[in-house]
Amino acid sequence: MKKNIDLEVLKQYVKINVSKNKVNTRYSAAVLLLVLLNCAWACKTVHAIANAPNEDTVFYRLKPSLFDIDKYLWNSSLELLRKKKHTWNRRKVFLSVDETHEGYTGKFRKVINWIFGYTQKRGETGSFRFLVFALVSFNQRLVVRAVPVKIGQDTNHIILETAEEVRNKIKYKCVLFDRGFYKSELVKMLQDANIPFIIRAKIPKKISRCYDFAKKADGEIYDFQNVPVNLVRIRDSNSRKYGFLTNLPEQSWQSISSWYKQRWDIENIFLACDGIHLKTNSKKIELRYFCVVFSLIIYNLRSNKKNPKTFT
């Protein structure tokens with residue numbers, strides 16, 4: 001911590017003594033926050049950065065529950081949305097949904113319900129998964145919720161619940177999903193709740209042979225595992241075929257391709273948060289969840305300022 005933050009600055013703004021001679025110094029929440037911000041800025045673990053207070057002190061003070069973390073992100077996002085509501089109301093807003101993965105490099109992966117057998121980088125033995133919801137509108141972005149996912153957990157009800165809660169706060173055009181959410185159960189739930197959606201469809205050979213793909217969007221009712229839904233087909237300028245499942249009316253089909261491109265904004269959020277992510281080697285889901293939400297809150301605060309600069 002000393003290497004990255006001036007102790008005189010700390011004393012001036014936090015008004016406490018951080019001297020080594022004071023072994024019983026009580027650290028305020030502001031000091032703990034400075035440690036965490038410093039770790040995020042350096043993109044290193046608390047163990048590598050924290051000196052006084054040390055890692056044990058920081059984590060001892062952090063005793064959040066999963067519910068508390070979820071509630072805090074939701075409330076902070078609503079506060080930012082309230083302050084910028086006039087800006088959001090002038091735009092076409094979409095709710096983008098995707099999963100982000102946090103790598104795990106330890107042992108005994110199989111006995112932990114939160115660690116999936118997914119490896120993204122060399123040395124990883126698994127990963128924690130988090131379901132992220134973000135409002136996106138042509139370079140305007142706001143993460144509204146992030147939920148940890150357990151092995152075997154059905155996330156459809158979480159998606160439905162969040163989509164309805166967000167709809168009560170702001171009107172969005174539709175919810176955007178990639179092919180990882182190509183599930184008939186989710187389609188049926190969204191249609192029953194009258195929530196507009198666009199899901200990137202998988203195009204097996206059967207669909208490719210039976211249907212035409214033109215530059216002008218076209219579609220029909222498709223029997224998706226006994227769930228009737230609109231299948232909109234289109235071919236881009238490079239002759240690549242795209243299919244989308246949607247419950248949007250036919251007059252909106254020509255806009256589906258451009259609307260779906262807004263989903264990539266959530267990928268940009270993940271990319272930006274990689275540079276400010278608070279790292280930890282802990283197997284505790286509460287600490288992992290806290291680190292993910294911490295970086296998302298920093299992102300929200302930074303990206304919703306006037307004329308924000310890039311994180312890099």
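To the nearest 0.5 Å, atom CG of residue L142 and atom CG of residue L81 are 6.0 Å apart. Between the NZ atom in K92 and the OG atom in S255 there is a gap of 6.0 Å [rounded to 0.5 Å]. Summarising the geometry, atom CZ belonging to F290 is positioned 12.0 Å from atom CG belonging to L73; distances are rounded to the nearest 0.5 Å. Remark: D178 CG to R263 CZ distance equals 4.5 Å, nearest 0.5 Å. To the nearest 0.5 Å, the span separating CZ on R233 from CD on E220 amounts to 4.0 Å. W74 CH2 to K71 NZ: the interatomic distance, rounded to the nearest 0.5 Å, is 13.0 Å.
Considering only heavy atoms from C-beta on, N247 stays 4.5 Å or farther from V229 through its side chain. I221 places a side-chain heavy atom less than 4.5 Å from the side chain of N230. Here the side chains of I195 and E164 are in contact, with some heavy-atom distance below 4.5 Å. Contact annotation: the side chain of L95 approaches that of L135 to within less than 4.5 Å [non-hydrogen atoms, C-beta and beyond]. Between F128 and V292 there is no side-chain heavy-atom pair separated by less than 4.5 Å. No side-chain heavy atom of V175 sits less than 4.5 Å from a side-chain heavy atom of L190. Here the side chains of D98 and W264 are not in contact, with every heavy-atom distance at 4.5 Å or above.
Shortest non-hydrogen contact noted between K183 and G180 is CE-O, 3.8 Å. Between I69 and E286, the shortest heavy-atom contact is CD1-O, 3.6 Å. Between R141 and S303, the shortest heavy-atom contact is O-OG, 3.8 Å. Contact record, A134 with I269: CB-CD1, 3.8 Å, taken as the closest heavy-atom pair. The minimum heavy-atom distance linking E99 with H101 is given by the pair OE1-CE1, 4.1 Å. Considering all non-hydrogen atoms of both residues, L248 and P196 come closest at CD2-CB, 3.8 Å.
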**OP:** Before giving the answer on side chain to side chain contact (heavy atoms under 4.5 Å, CB included), spell out for I159 and F177 the whole-Å C-alpha distance, their side-chain angles and the decisive distance to 0.1 Å.
**Re:** CA-CA 11 Å; I159 295 173; F177 302 91; 3.7 Å; yes

Original post:
Taking it one step at a time, do T246 and I199 satisfy side chain to side chain contact (heavy atoms under 4.5 Å, CB included)?
Top reply: CA-CA 6 Å; T246 184; I199 302 177; over 6 Å; no

Subject >> Test log, rule salt bridge (Lys or Arg N to Asp or Glu O under 4.0 Å), inputs E79 and R82 >> reply: CA-CA 5 Å; E79 180 64 18; R82 184 186 64 80; 2.6 Å; yes

Original post:
Can you list the steps and then say if L131 with V97 is a side chain to side chain contact (heavy atoms under 4.5 Å, CB included)?
Top reply: CA-CA 7 Å; L131 188 64; V97 184; 3.9 Å; yes

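A single hydrophobic cluster is not seen to contain both L271 and V132; linkage of ILVMFWY side chains at heavy-atom distances under 4.5 Å, directly or through other members, places them apart.
Judged by distance alone, with hydrogens and angles left aside, the side-chain atoms of T125 form a donor-acceptor pair with the main-chain N or O of Y104 at under 3.5 Å. Judged purely by atom type and a 3.5 angstrom limit, D265 has no side-chain atom pairing as donor or acceptor with the backbone of Q140. Counting only distance, with no hydrogens or angles, the side chain of Q191 and the backbone of P228 share a donor-acceptor pair below 3.5 Å. With Y299 contributing its side chain and I276 its backbone, the two residues share no donor-acceptor pair below 3.5 Å. No side-chain donor-acceptor contact under 3.5 Å links W259 to the backbone of W253. Within the 3.5 Å criterion, the main-chain N or O of V143 finds a donor-acceptor partner in the side chain of S77.
Counting non-hydrogen atoms of other residues, nucleotides and ligands closer than 6.0 Å to CD of Q254 gives a total above 12. Within 6.0 Å of CG on N194 lie no more than 12 heavy atoms contributed by other residues, nucleotides or ligands.
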Output a table of donor-acceptor pairs, distance under 3.5 Å, between side-chain atoms of residues 145-153 and any protein atom two or more places apart or on a different chain; print 'none' if there are none.
| from | atom 1 | to | atom 2 | distance (Å) |
| --- | --- | --- | --- | --- |
| R145 | NE | D70 | OD1 | 3.2 |
| R145 | NE | D70 | OD2 | 3.3 |
| R145 | NH1 | E161 | OE2 | 3.4 |
| R145 | NH1 | T162 | OG1 | 2.6 |
| R145 | NH2 | D70 | OD2 | 2.9 |
| Q153 | OE1 | K150 | N | 2.8 |

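The side-chain hydrogen bond (donor to acceptor under 3.5 Å, both in side chains) check on Q251 picks up nothing, with sequence neighbours excluded.
Ring geometry for F244 versus Y260: interplanar angle of 30 to 60°, hence tilted.
For F224 and Y182, the gap between ring centers is short of 6.0 Å.
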